[in-house]
Visitor: 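Below are the structure tokens for one structure; questions will follow.
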Amino acid sequence: MGLVEGKNRTSEADEPRSETEAEPGTSQVEPPVAGPSDLKTMQVRVNRNGWLEMSRLAQDRDMPLETLMVEAFNDVLLKHRKPPVVERRQPVKK
């Protein structure tokens with residue numbers, strides 16, 4: 001399953017500007033663009049009954065199991081007073 005599509009071309013907007021080109025009073029540091037290298041794989045082993053119930057719940061809610069798991073990870077982060085930053089990978093556009 002391919003999750004990564006390479007971006008081989010660069011544009012002027014992608015190239016960093018030198019300090020002489022910067023506008024006064026603006027920051028040079030831009031936030032990194034989220035890309036395929038930002039995705040990490042998590043593998044969890046659960047008992048068969050747990051997997052069946054999670055799969056059924058995903059079906060009942062008409063959502064993919066992966067989306068349900070992302071929701072569960074964010075709920076755990078909130079429970080421990082951390083920001084809910086887990087996001088589902090975006091499908092590759094063909």
Side-chain angles (χ1 to χ4, degrees):
M1 172 183 332
L3 297 177
V4 178
E5 265 189 29
K7 184 177 177 183
N8 295 330
R9 65 175 207 269
T10 59
S11 68
E12 268 187 72
D14 294 335
E15 295 176 7
R17 294 172 31 173
S18 69
E19 285 187 35
T20 57
E21 295 176 26
E23 296 175 24
T26 60
S27 174
Q28 282 286 75
V29 179
E30 293 184 20
V33 177
S37 63
D38 292 335
L39 297 176
K40 302 297 178 198
T41 300
M42 297 176 77
Q43 188 174 26
V44 179
R45 294 198 178 267
V46 298
N47 62 351
R48 183 169 183 78
N49 288 335
W51 181 83
L52 286 170
E53 288 302 319
M54 291 299 288
S55 295
R56 286 183 189 134
L57 181 58
Q59 285 179 339
D60 291 347
R61 295 187 61 196
D62 194 30
M63 64 173 37
L65 182 58
E66 185 176 340
T67 301
L68 184 64
M69 296 308 299
V70 167
E71 182 181 325
F73 285 128
N74 280 321
D75 287 347
V76 169
L77 289 171
L78 286 170
K79 175 183 171 184
H80 294 281
R81 298 182 180 172
K82 302 290 183 186
V85 295
V86 179
E87 294 178 353
R88 185 169 186 237
R89 65 189 166 126
Q90 299 299 315
V92 176
K93 294 181 181 178
K94 293 183 181 182

Visitor: Kindly give the heavy-atom pair with the smallest separation between Met54 and Leu65, and that separation in Å.
Guide: O-CD1, 3.7 Å
Visitor: Enumerate the side-chain hydrogen bond (donor to acceptor under 3.5 Å, both in side chains) contacts for residues 63-79, please, sequence neighbours excluded, ordered by first and then second residue.
Guide: Arg61-Glu71, Glu66-Arg89, Thr67-Arg88
Visitor: Suppose we screen for side-chain hydrogen bond (donor to acceptor under 3.5 Å, both in side chains). Which residues come up paired with Glu87, at least two apart in sequence or across chains?
Guide: none
Visitor: Same cluster or not: are Val76 and Val86 linked, directly or through other Ile, Leu, Val, Met, Phe, Trp or Tyr residues, by side-chain heavy atoms under 4.5 angstrom apart?
Guide: no
Visitor: Could you go through residues 42-53 and list every donor-acceptor pair under 3.5 Å that involves a side-chain atom there, pairing it with any protein atom two or more places apart or in another chain?
Guide:
residue	atom	partner	partner atom	Å
Asn47	OD1	Gly50	N	2.9
Glu53	OE2	Arg56	NH1	2.9

